[in-house]
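Inspection log for the structure reproduced underneath, given as structure tokens.
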Number of protein chains: 2
Amino acid sequence: MFDGKFTDASLLKKLVEAIKDSVKLCNFNVNESGLNVQAIDDSRVLLISLLVEPECFHEYRCDRSIVLGLDLESFNKILKQGNNDDYLTLTAEDEPDNLMVVFEDKKKERISEFSLKLMDIDSDVLNIDEMDHDCVITMPSSEFSKIVRDMKTLSESLNIVVTKDSVKFNADGQIGTGSVILKSFTDMENPNESIRIALEKPVDLSFGAKYLNDIAKAATLSSTVSLKLTDKAPALFEFKLPSGHLRYYLAPKFDDEE
Amino acid sequence: MFDGKFTDASLLKKLVEAIKDSVKLCNFNVNESGLNVQAIDDSRVLLISLLVEPECFHEYRCDRSIVLGLDLESFNKILKQGNNDDYLTLTAEDEPDNLMVVFEDKKKERISEFSLKLMDIDSDVLNIDEMDHDCVITMPSSEFSKIVRDMKTLSESLNIVVTKDSVKFNADGQIGTGSVILKSFTDMENPNESIRIALEKPVDLSFGAKYLNDIAKAATLSSTVSLKLTDKAPALFEFKLPSGHLRYYLAPKFDDEE
DNA sequence: AGACGGTCGG
DNA sequence: CCGACCGTCT
């Protein structure tokens, strides 16, 4: 039996909002280490790895591992019905047919209760190797989001070039070209506004703007995002949760498809 | 060679935002007297005349007259990428293929650089006669904007009747009729809130609400707008810039099409 | 149903 | 000046 209660619904609402455009169906795995999702986006390019540790919950209980096969669009319909600051409780039996979703207003004047039918979903078993990266950039997620959104209007492909003290985003399209250079800097007053670059080796990689755009939808989950880049290897875009993370893995484009 | 730098990007952002819905393609002419645009809207009804004098720029240099043929939608995509308070620099060669657009954050930690392809655009050579008007109304542009926006929901045509000490906006449509009367008055504390009427001769004119709506998009550029009206002649709607102006000329509807 | 633009609030 | 929310359009 699984029973998890969030102090407020906003975290889960944002999580599902962030990934529902990439993945229609996926398994939420709950066990003693928390809520875990491993999924590949519908175009089989973007890999999503979510971990919501028990500390994110106000109360968390999960005796044994349970798989919740969810249609995220349906799940989102239900989640949208709760207010951000409602209590949110998820419950499922050991062999569940349904996921129970309960919102409670903090004044306790309203209780909304839903039962969502679960599905059997083939789960790709994903092995994600932890690896070292040539460089790690940490920047405000809102800034990442704006760059991706803006540059997407110029080109389908976004090139990222990192040097010791700067990261440059380039787009080259029909109507013209554009680049944004961010210099590494530390904002003492608002540390989350800082641009941090930890570089082992300079990188020059290009990514599909569509996928970066899907990734940028997670920007509301954390004030910063880390871009972990390695030459000729999938990049990792990481949003830290209060306890846990939402990670996206995206392979760069090769030279001949840029 | 043309090189113009704005202390902040907001002026040009607002200008292009204001006219892009009326004109898709137009020539920006730069020369020693500033940036000049003469254009007719795509439905060939509304005439737009923009003058941004060198004083609007922080730095301005233009040796000889250069024509920049712009797709305003593309230009706007680029301008949207800069923040309002960024420095904005425009640069072009003497026989330019591209317009360079550079935004710099005032903290200098971010530089965004764009190259926009230019186009050859047939320019209507427009001769606009300076003329006297039967009356000149000056009013807050936000108030003008609200009246136009609201009245457009009632009718496709907006009638303006000016007397010595009042201006009346009338709409007559399917669901009913409406009118807004503004009395001439002077607000000592906030002069821009005043309604001023300088009247040679009373006027009673009607205009297409659609075009007034396009004109009203310029309201963000200036806290006041002047309506210069003459019987049976094109009206002039003028927004003053820090140094220069954005003017719209619009012919009134004739009696039989009101 | 999703995306874009505009408006309102912090 | 920036971000979030609501409404409209595709």
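Here is how names work: the chains are called A, B, and so on, in the same order as the sequence lines, proteins then strands, and each is numbered from 1. Because the structure is a prediction, the values reported are computed rather than measured.
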Rounded to whole angstroms, how far apart are [atom1] on [X] and [atom2] on [N]?
{"X": "B:Lys152", "N": "D:dT8", "atom1": "NZ", "atom2": "P", "value": "12 Å"}
{"X": "A:Asn76", "N": "C:dG2", "atom1": "CG", "atom2": "P", "value": "8 Å"}
{"X": "A:Arg149", "N": "C:dA3", "atom1": "CZ", "atom2": "P", "value": "13 Å"}
{"X": "A:Asn84", "N": "D:dA4", "atom1": "CG", "atom2": "P", "value": "11 Å"}
{"X": "B:Phe103", "N": "D:dC1", "atom1": "CZ", "atom2": "C1'", "value": "16 Å"}
{"X": "A:Ile19", "N": "C:dG2", "atom1": "CD1", "atom2": "P", "value": "14 Å"}
{"X": "A:Lys14", "N": "D:dC5", "atom1": "NZ", "atom2": "P", "value": "9 Å"}
{"X": "B:Glu73", "N": "C:dG5", "atom1": "CD", "atom2": "P", "value": "9 Å"}

Candidates [options] - which lies nearest the side chain of [X]:
{"X": "A:Asp21", "options": "C:dG2, C:dT7, C:dA1", "result": "C:dG2"}
{"X": "B:Asn83", "options": "C:dG6, C:dA1, D:dC2", "result": "D:dC2"}
{"X": "B:Asp85", "options": "C:dA1, D:dC1, C:dG6", "result": "D:dC1"}

Q: Give a yes/no answer on whether the side chain of A:Lys146 brings an N or O atom under 4.0 Å of OP1 or OP2 in D:dG3.
A: no
(Q) Under 4.0 Å from OP1 or OP2 of C:dG5: is there any side-chain N or O of B:Lys80 that close? (A) yes
Q: Inspect the surroundings of CG in A:Asn190 and state if more than 12 heavy atoms from other residues, nucleotides or ligands are less than 6.0 Å away.
A: yes
Q) What pairs meet the side chain to side chain donor-acceptor pair (under 3.5 Å) rule with one or both residues in residues 214-227 of chain B, with sequence neighbours excluded? A)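 Counting only pairs at least two positions apart or across chains, the side chain to side chain donor-acceptor pair (under 3.5 Å) contacts touching residues 214-227 of chain B are B:Thr138-B:Ser226, B:Asn192-B:Ser223, B:Lys210-B:Asp214, B:Asp214-B:Lys217.
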Name each donor-acceptor pair under 3.5 Å that joins a side chain in residues 166-178 of chain A to protein atoms two or more places apart or in another chain, with its distance.
| unit_1 | atom_1 | unit_2 | atom_2 | d |
| --- | --- | --- | --- | --- |
| A:Ser166 | OG | A:Thr163 | OG1 | 3.0 |
| A:Asn170 | ND2 | A:Asn159 | OD1 | 2.9 |

Q. For the side chain of A:Lys5 and the backbone of A:His58, is there at least one donor-acceptor N/O pair under 3.5 Å apart?
A. no
